[in-house]
S.K.: 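Got a structure here, written out as structure tokens. Questions coming.
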Amino acid sequence: MENIKFYDVAIIGAGGVGLSAAMYAARLGLKTLVLGTRHGSELSIGGVITTTDVVENYPGFIKLTGREIAKKIEDHARSYKLVTIKEEKATGVKKQKSYFIVKTEKSEYKSKSLIFATGTKLRELPETVKGSEKFKKKGINYCALCDGPLYKNKIVSIVGGSDSAAKDALVLARHAKKVYIIYRGKQIHPEPVNFEKIKANKKIEIINNTDIIGIKGDKFVEEIVLDKPYKGSKTIKLSAVFVAIGHIPLSELAKKLGVKTNKANEIKINHIDSSTNIKGVFAAGDVTDKPFKQLITGVAEGCTASYSAYKYINKNIV
């Protein structure tokens, strides 16, 4: 145990929220560790915002890409000498006396406090959709920004009715000749400004009150099957199915520590100070039970969590 590095605060998750928390913790004089991986993991440096094409609702920047804003936040965090960012995935956390032990695949770290900023992972098409397993990475996609260019002048669909689905449809319309938005509800519900853009785009067609129940093809996606007819047919010929049906909170590590979650597996926090039911443990961003989830709100929660960790540490010096 003597060789384990000791930090004031360990932040699990290196998206925009975790990195913002790190920046603020360093400003408060806390020796800060951030854990997250850049590739091949649900926890990635930069976070979900890196899959967003255009960000227009972050104060101070009229318009920039998700990758650009993630890089700015990362650079800001790295500018503080008190911040150490490790490209390692946290695999275990336990409380020991008045501090915490965080295990990764490579090492172990001690910390006086913890902040969970683990975010979410994309919800996949359910197995009840025939072909959903067969066509993974063969026409079923989860990142319009990443994979949209592969379908130039093709017909594609996006499943979902959220603002994310609408923005993905707009990205896809730059490349595809036709984009179907397929939503099981009465009407898609993006931000009004994006809804207007959808309605103005002649390439995009909305199919409401409809579910995809099957995906067909030989080696790649060639056709989708609907649960009810659209324009006289239950099938649509196309080349790709993009999915934007929500996210799943990455709270399992916190739950193993004893942190309480709600029915949706979101970490329950005090909405004033970002604290959890365990002293010294805080949470911020999309993994929490805050109802309104945006980068701007998550960043604020991250800074609040760091300030609360600072107050906790000053009352609980190891």
Side-chain angles (χ1 to χ4, degrees), residues 38-40 44 46-56 62-71 121-125 129-184 188 190-191 193-208 210-226 230-247:
R38 195 173 295 278
H39 296 294
S44 60
V48 173
I49 197 68
T50 59
T51 65
T52 300
D53 182 32
V54 178
V55 178
E56 297 177 306
I62 295 172
K63 181 185 290 188
L64 74 175
T65 69
R67 290 175 183 175
E68 286 172 338
I69 196 167
K71 185 64 165 59
K121 66 178 179 180
L122 293 168
R123 189 180 299 277
E124 296 186 0
L125 280 177
V129 177
K130 293 181 180 179
S132 60
E133 289 295 318
K134 177 181 178 180
F135 294 106
K136 276 185 177 179
K137 298 181 181 179
K138 296 178 180 179
I140 296 177
N141 304 280
Y142 291 85
C143 180
L145 182 63
C146 314
D147 301 320
L150 300 174
Y151 300 97
K152 188 174 179 64
N153 295 324
K154 304 286 187 179
I155 299 172
V156 302
S157 64
I158 177 84
V159 182
S162 65
D163 190 56
S164 294
K167 289 190 287 189
D168 283 354
L170 291 168
V171 171
L172 293 171
R174 295 182 198 163
H175 309 287
K177 67 179 179 181
K178 181 74 175 182
V179 180
Y180 291 100
I181 298 178
I182 301 172
Y183 181 51
R184 62 184 181 181
I188 63 171
E191 290 185 4
V193 64
N194 289 324
F195 202 1
E196 292 303 315
K197 290 178 181 179
I198 289 289
K199 290 188 287 187
N201 195 309
K202 294 181 180 180
K203 287 186 177 183
I204 300 173
E205 188 169 344
I206 303 171
I207 305 176
N208 289 315
T210 303
D211 262 327
I212 287 182
I213 59 173
I215 301 171
K216 295 182 177 181
D218 184 11
K219 294 181 179 180
F220 297 93
V221 171
E222 296 175 8
E223 184 179 71
I224 58 172
V225 182
L226 308 176
Y230 181 70
K231 294 184 177 178
S233 176
K234 283 191 173 183
T235 62
I236 298 176
K237 299 284 186 183
L238 45 67
S239 301
V241 177
F242 285 81
V243 183
I245 55 175
H247 298 78

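Computed from a prediction, not measured in an experiment: that's the story for all the values here.
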S.K.: Could you work out, with side-chain contact (heavy atoms from CB on, under 4.5 Å) as the rule, every residue matching E223, not counting sequence neighbours?
M.R.: K216, T235, K237
S.K.: With rounding to the nearest 0.5 Å, note down the distance linking CD1 in I181 to CD1 in I198.
M.R.: 4.0 Å
S.K.: Test of understanding: with side-chain contact (heavy atoms from CB on, under 4.5 Å), list the residues that count as partners of L64, not counting sequence neighbours.
M.R.: V55, F61, E68, I69, K72
S.K.: What is the distance from atom CD1 of I188 to atom CD1 of I182, rounded to the nearest 0.5 Å?
M.R.: 12.5 Å
S.K.: Distance check, rounded to the nearest 0.5 Å: E133 atom CD versus I140 atom CD1?
M.R.: 8.0 Å
S.K.: Can you tell me how far the CG atom of L226 sits from the OG1 atom of T210, to the nearest 0.5 Å?
M.R.: 6.0 Å
S.K.: Start with the C-alpha distance between F242 and V159, add both sets of side-chain angles, then the distance that settles side chain to side chain contact (heavy atoms under 4.5 Å, CB included), and finish with yes or no.
M.R.: CA-CA 6 Å; F242 285 81; V159 182; over 6 Å; no
S.K.: Taking only residues at least two apart or on different chains, which pairs with a member in residues 138-155 satisfy side-chain hydrogen bond (donor to acceptor under 3.5 Å, both in side chains)?
M.R.: N141-Y151
S.K.: Please walk me through it: do V179 and D168 pass side chain to side chain contact (heavy atoms under 4.5 Å, CB included)?
M.R.: CA-CA 10 Å; V179 180; D168 283 354; over 6 Å; no
S.K.: Considering all heavy atoms of both residues, which atom of V156 and which atom of A176 are nearest to each other, and what is their separation?
M.R.: CG2-CB, 3.9 Å
S.K.: Start with the C-alpha distance between K130 and I215, add both sets of side-chain angles, then the distance that settles side chain to side chain contact (heavy atoms under 4.5 Å, CB included), and finish with yes or no.
M.R.: CA-CA 6 Å; K130 293 181 180 179; I215 301 171; over 6 Å; no
S.K.: Could you give all pairs that pass the salt bridge (charged side-chain N to carboxylate O under 4.0 Å, His left out) test and reach residues 198-208, with sequence neighbours left out?
M.R.: K178-E205, E196-K199, E205-K231
S.K.: How long is the span from the OG atom in S164 to the CD1 atom in I245, to the nearest 0.5 Å?
M.R.: 12.0 Å
S.K.: Show the nearest heavy-atom pair for residues A165 and I158, with the distance to one decimal.
M.R.: O-CG1, 3.9 Å
S.K.: Considering residues at least two apart in sequence or located in another chain, which fulfil the side chain to side chain donor-acceptor pair (under 3.5 Å) criterion with E191?
M.R.: none
S.K.: Are T65 and V54 side-chain neighbours, meaning at least one heavy-atom pair lies under 4.5 Å?
M.R.: no
S.K.: How many angstroms lie between atom CD1 of I207 and atom CD1 of I224, to the nearest 0.5 angstrom?
M.R.: 6.5 Å
S.K.: Checking K197 against E56 for the salt bridge (charged side-chain N to carboxylate O under 4.0 Å, His left out) test, could you report, in this order, the C-alpha distance in whole Å, the side-chain angles of both residues, the deciding distance, and whether it holds?
M.R.: CA-CA 14 Å; K197 290 178 181 179; E56 297 177 306; 3.3 Å; yes
S.K.: Evaluate the side-chain proximity of I206 to Y180: yes if any heavy-atom separation is below 4.5 Å, no if none is.
M.R.: no
S.K.: For residues L172 and G148, report the shortest heavy-atom separation together with the two atoms involved.
M.R.: CD2-CA, 3.8 Å
S.K.: So L238 and V221, side chain to side chain contact (heavy atoms under 4.5 Å, CB included) or not? Walk me through it.
M.R.: CA-CA 7 Å; L238 45 67; V221 171; 3.8 Å; yes
S.K.: With sequence neighbours left out, write down each residue that passes ring-ring contact (aromatic ring centres under 6.0 Å, His included) with F135, or none if nothing qualifies.
M.R.: none
S.K.: Specify the closest pair of heavy atoms between A244 and S162, including all atoms of both residues, with the distance to one decimal.
M.R.: O-OG, 4.1 Å
S.K.: Which atom pair, heavy atoms only, marks the closest approach of V129 to G214?
M.R.: CG1-N, 3.9 Å
